[in-house]
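Structure, as structure tokens:
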There are 2 protein chains.
Amino acid sequence: MDENKRKALEEAGWRVGSADEFLELTPEETAYVELKLTLANSLRDRRQAQHLTQVELAQRLQSSQSRVAKMEAGDPSVSLDLLIRSLLALGTTQEDLALILAP
Amino acid sequence: MDENKRKALEEAGWRVGSADEFLELTPEETAYVELKLTLANSLRDRRQAQHLTQVELAQRLQSSQSRVAKMEAGDPSVSLDLLIRSLLALGTTQEDLALILAP
DNA sequence: CAATAATATGTCATATCTGATATATTATCA
DNA sequence: TGATAATATATCAGATATGACATATTATTG
């Protein structure tokens, strides 16, 4: 899936804000990255709303602080699967997810 | 995540229709399985709506027919990540996803 | 009823993701 | 300011998901 393109962009200082098919990203790849960022932002929002630190969330998830940081950054090494499981662990429902994705 | 519980259920003839915290599934696990089945069903619907066979979809995804079958079955060996990427490959937008998840 | 297209199931080597760890950077506050 | 809490970044061994393949089962159609 060549997630490194985005990483490369960022390293080059490009700050992928929202929706960047900029260089070389197929529409699916763009949609994938956007989706990941949407979920990543939502995860951070929800964690903070529950007054949890990354360390505390990591404990709840049986994960590590560094991975939580990567999740919230939408890092290429994090799958949608992990992101969504983390949201579910914060009590996010399927309906909540729909609202997160809705325009 | 012990996805095998559900597999076990099904093998025991339990047909996990919708929402089975039945035996031993935590709320998150139940939500995860439900979500997976929602996406799995949607994938099948969309594939059929576009008159594609599993083989044809597999080609488009650079995957295999057997994996598409597993996706549509919500098999434990399939991640939400792959399911969602497959939906995106069928032209599903973030907004579409929201509708798929909405009650 | 074949024949064959479509889908399902099982296995496995490899690729990718993950938790852990170490360490760096950036708040926060006394 | 310095101390320290919170977050970010890098690396890697082990875990998990993946595509490929073989083969079985179930439509479909002639």
Round to a whole Å and report the spacing from [atom1] of [X] to [atom2] of [N].
{"X": "B:D81", "N": "C:dC17", "atom1": "CG", "atom2": "P", "value": "7 Å"}
{"X": "B:R67", "N": "C:dA15", "atom1": "CZ", "atom2": "C1'", "value": "12 Å"}
{"X": "A:K70", "N": "C:dG19", "atom1": "NZ", "atom2": "P", "value": "11 Å"}
{"X": "B:D75", "N": "D:dT16", "atom1": "CG", "atom2": "P", "value": "15 Å"}

Return the set of residues passing side chain to side chain donor-acceptor pair (under 3.5 Å) with [X] (not counting sequence neighbours), or none when no residue passes.
{"X": "A:S66", "answer": "A:S64"}
{"X": "B:E95", "answer": "none"}
{"X": "B:Q48", "answer": "none"}
{"X": "B:T92", "answer": "B:R46"}

Original post:
Among all residues two or more places apart in sequence or in another chain, which pass the side chain to side chain contact (heavy atoms under 4.5 Å, CB included) test with A:Q54?
Top reply: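 So A:Q54 forms a side chain to side chain contact (heavy atoms under 4.5 Å, CB included) with A:R44, A:R47, A:Q65, A:V68, A:A69, A:E72.
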**OP:** Check side chain to side chain contact (heavy atoms under 4.5 Å, CB included) between A:A102 and all other residues, then give those that pass, not counting sequence neighbours.
**Re:**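 Residues passing side chain to side chain contact (heavy atoms under 4.5 Å, CB included) with A:A102: B:A98.
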Original post:
Under 4.0 Å between a side-chain N/O of A:S77 and OP1 or OP2 of C:dC17, yes or no?
Top reply: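 The answer is no; no side-chain N or O of A:S77 sits under 4.0 Å from OP1 or OP2.
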Contact list (N/O, under 3.5 angstrom) for nucleotides 22-30 of chain D vs protein:
none

Backbone of [Y] reached by a side-chain donor or acceptor of [X] within 3.5 Å:
{"X": "B:S42", "Y": "B:T38", "answer": "no"}
{"X": "A:E34", "Y": "A:A31", "answer": "no"}
{"X": "A:D81", "Y": "B:L80", "answer": "yes"}
{"X": "B:K36", "Y": "B:V78", "answer": "yes"}

**OP:** Please name the pair of heavy atoms, one in B:M71 and one in B:A40, separated by the smallest distance, quoted to 0.1 Å.
**Re:**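 Distance-wise, the nearest heavy atoms are O-CB, 3.3 Å.
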Subject >> Pairwise 5' ranking along DNA chain D for A:A69 and B:S79, keeping only the more 5' one >> reply: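 The 5'-side residue here is A:A69.
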Subject >> Nearest-nucleotide 5' precedence on DNA chain D, B:M71 against A:E72 >> reply: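 Between the two, 5'-proximity favours A:E72.
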Original post:
What nucleotide, of C:dA8, D:dT18, C:dG19, holds the atom closest to the side chain of A:L82?
Top reply: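 Looking only at side-chain atoms, A:L82 lies closest to C:dG19.
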Original post:
Heavy atom of residues 40-61 of chain A under 4.0 Å from DNA chain C: which residues?
Top reply: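 Of all residues in residues 40-61 of chain A, none places a heavy atom under 4.0 Å from DNA chain C.
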Original post:
What is the nucleic acid contact for A:V68, judged by heavy atoms within less than 4.0 Å: base, sugar-phosphate only, or nothing?
Top reply: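 The answer is nothing, as A:V68 stays clear of every strand by at least 4.0 Å.
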**OP:** Measure the angle between the two terminal helix axes of the helix from C:dC1-D:dG30 to C:dA30-D:dT1, five base pairs each, and quote it to 10°.
**Re:**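 Roughly 50°, once rounded to the nearest ten degrees.
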